[in-house]
Amino acid sequence: MSEIGFVGLGKMGLPMAGRLVDAGFRVRGYDPVDAARGAFADIGGTVTDSAAAAAADVVILMLPDSDVVDGVLFDGGVAAALAAGSLIIDMSSSAPLRSQEVARRLDDLGVGFVDAPVSGGVSGAVAGTLTIMLGGDDASAARATEVIEALGAVRHVGPVGAGHALKALNNLLSATHLWATSEAVLIGERFGLDPATMLDAINTSSGRSGSTQKKWPDFVLPGTFDSGFSLALMLKDMRIASDLAHSLNMPVALGDAAVQRWADARDHLPDNADHTEIVRWLRHAAADTAH
Ligand code: NAD
């Protein structure tokens, strides 16, 4: 049974690390939040008292963003604690150009790096049905796959950074169609249509998407707004995609407009709002125009 390190036991990291325990790995996990470490111990993980103490031949990161990834690796002592030949698997949704820089810095230490961000949400993490977008060289990708295939379907999409680029672009699409879906459903509602009836029809029509098939039925219609993916993290991903477009000198007019709208919602909702709560903000904004 091989040992792996896992840093970041949040909404996604905890169930993912738990699945690796269930798959037979000895997992050394770290998170600064006491409750997260306690929950991991409860499901059979070994808890460490620092990120550096979770160092192992393979270390998975499931952290909020590139700033935290850099901090954990290079200020938190993880990189220094790794033996040459170790492998970092960054499953966070990080920024691709920064991940390429991280890979170069680790390569100087003889440590490998792959990016392996995921889609599928907390429910996919719990069920082991995530889509994993893997970026890296063939040998590192094969080595990473032996571990992360316990978490979902692995797609090797290109060299280092490719996974993080694709993930950000996926979420730019996801956020844009959630906003568009929400505007359409609220317009229909004011006209007198029933939202559930609209979604049923759209879901066998050309306007369907993950927003009409999952997010609205599961989290908006019941009024629970509990997808487990925060608005702040969605906005972070959209900005990664937009920044990537600008760095490539590509026009991204609709994407930039979507970023603006989501940033507006973020300013008006609580810091810890779920991303599906943009519908609350849209309803609130629309209320002023009712007559
Ligand atoms: P989260 O905020 O629930 O978890 C992040 C964890 O990182 C927290 O437990 C936090 O304590 C920990 N952390 C922060 N700083 C740390 C540090 N210095 N050292 C160690 N741990 C630290 O976020 P999440 O929803 O689990 O998302 C994690 C990543 O996965 C993000 O990049 C997010 O964009 C991505 N993602 C999330 C979802 C989702 O549905 N929640 C889906 C796909 C991808």
Side-chain angles (χ1 to χ4, degrees), residues 8 10-13 32-33 36 62-71 91-99 117-125 164-187 189 195 209-212 214-247 251-290:
K11 292 191 194 74
M12 294 293 285
V33 175
M62 194 53 173
L63 297 165
D65 57 29
S66 287
D67 284 343
V68 181
V69 168
D70 279 7
M91 303 194 78
S92 333
S93 302
S94 306
L97 298 177
R98 292 185 62 178
S99 300
V118 303
S119 184
V122 173
S123 59
H164 281 153
L166 180 51
K167 168 64 190 176
L169 292 167
N170 175 78
N171 275 18
L172 182 62
L173 279 174
S174 174
T176 303
H177 62 60
L178 181 57
W179 195 283
T181 296
S182 302
E183 284 188 351
V185 174
L186 294 181
I187 293 165
E189 200 177 37
S209 66
S211 297
T212 61
K214 184 163 175 63
K215 293 186 180 182
W216 258 83
D218 289 2
F219 310 121
V220 178
L221 283 185
T224 51
F225 301 102
D226 61 349
S227 78
F229 184 43
S230 71
L231 199 169
L233 288 177
M234 177 63 103
L235 182 58
K236 175 254 317 182
D237 291 345
M238 297 172 75
R239 286 184 164 139
I240 292 172
S242 162
D243 288 350
L244 181 65
H246 291 294
S247 74
V252 61
L254 180 57
D256 280 343
V259 170
Q260 277 303 320
R261 304 310 301 137
W262 276 81
D264 205 8
R266 167 104 170 84
D267 288 345
H268 289 86
L269 285 163
D271 275 352
N272 62 352
D274 192 86
H275 78 288
T276 55
E277 292 190 56
I278 60 156
V279 182
R280 282 193 207 272
W281 158 239
L282 281 167
R283 271 194 203 287
H284 174 78
D288 294 341
T289 62

Next on the checklist: Is any side-chain heavy atom of Ser242 closer than 4.5 Å to one of Leu172?
Outcome noted: no
Next on the checklist: Rounded at 0.5 Å granularity, tell me how far CG in Asp226 sits from CG in Asp218.
Outcome noted: 9.0 Å
Checklist entry - Any sub-3.5 Å donor-acceptor pair from Thr181's side-chain atoms to Leu178's backbone N or O? => result no
Checklist entry - CZ of Arg98 to CG of Asp67: how many Å apart, nearest 0.5 Å? => result 4.5 Å
Item to check | Spatial distance of atom CG (Leu173) from atom OG (Ser211) [nearest 0.5 Å] | outcome: 10.0 Å
Next on the checklist: For the NE2 atom on His284, are there more than 12 heavy atoms of other groups (residues, nucleotides or ligands in this structure) within a distance under 6.0 Å?
Outcome noted: no
Item to check | Test side chain to side chain contact (heavy atoms under 4.5 Å, CB included) applied to Pro270 - qualifying residues, sequence neighbours left out | outcome: Asn272, Ala273
Next on the checklist: Any non-hydrogen side-chain atom of Leu233 less than 4.5 Å from a side-chain atom of Pro64?
Outcome noted: yes
Item to check | pair Ser227-Lys214: side-chain heavy atoms closer than 4.5 Å | outcome: no
Item to check | For Lys167, side chain to side chain donor-acceptor pair (under 3.5 Å) partners two or more places apart | outcome: Asn171
Item to check | From CH2 (Trp216) to OG1 (Thr276), nearest 0.5 Å | outcome: 10.0 Å
Checklist outcome for this item: Nearest heavy-atom approach of Ser123 to Gly120 is OG-O, 3.7 Å
Next on the checklist: So which atom in His164 and which in Ser92 form the shortest heavy-atom distance, rounded to 0.1 Å?
Outcome noted: NE2-O, 2.8 Å
Next on the checklist: For Pro222 versus Pro217, what's the shortest heavy-atom pair and its separation?
Outcome noted: CD-O, 3.2 Å
Checklist outcome for this item: Residue pairs passing the salt bridge (Lys or Arg N to Asp or Glu O under 4.0 Å) test with at least one member in residues 173-187, sequence neighbours excluded, are none
Item to check | Results of side chain to side chain donor-acceptor pair (under 3.5 Å) for Ser93 - residues two or more places apart only | outcome: none
Checklist entry - Which pair of non-hydrogen atoms, one from Lys11 and one from Gly228, has the smallest distance, and what is that distance? => result CD-O, 3.1 Å
Next on the checklist: Tell me if a side-chain donor or acceptor on Asp256 pairs with a main-chain N or O of Val259 at a distance below 3.5 Å.
Outcome noted: no
Next on the checklist: Please find the pair of heavy atoms, one from Ser66 and one from Ala95, that lie closest to each other, and give the distance.
Outcome noted: OG-N, 2.9 Å
Next on the checklist: Side chains of Asp264 and Trp281, heavy atoms from C-beta outward: is any pair under 4.5 Å?
Outcome noted: yes
Next on the checklist: Is the shortest side-chain heavy-atom distance between Ser174 and Lys215 below 4.5 Å?
Outcome noted: yes
Item to check | Gap separating the CE atom of Met12 from the CE atom of Met91, nearest 0.5 angstrom | outcome: 8.5 Å
Checklist entry - Mind checking whether Trp179 and Trp262 have parallel, tilted or perpendicular rings, split at 30° and 60°? => result tilted
Next on the checklist: Tell me the closest heavy-atom pair linking Thr176 and Ala258, and the distance in Å.
Outcome noted: OG1-CB, 3.7 Å
Item to check | Thr212 side chain reached by His177 side chain, heavy atoms, under 4.5 Å | outcome: no
Checklist entry - In Å and rounded to the nearest 0.5 Å, what is the CZ to CD1 distance from Arg283 to Ile278? => result 11.5 Å
Item to check | Pairs meeting criterion salt bridge (Lys or Arg N to Asp or Glu O under 4.0 Å) with involvement of residues 229-244, two or more places apart | outcome: none
Next on the checklist: Suppose the criterion is salt bridge (Lys or Arg N to Asp or Glu O under 4.0 Å): which pairs have a residue in residues 270-282, not counting sequence neighbours?
Outcome noted: Arg266-Asp271, Glu277-Arg280
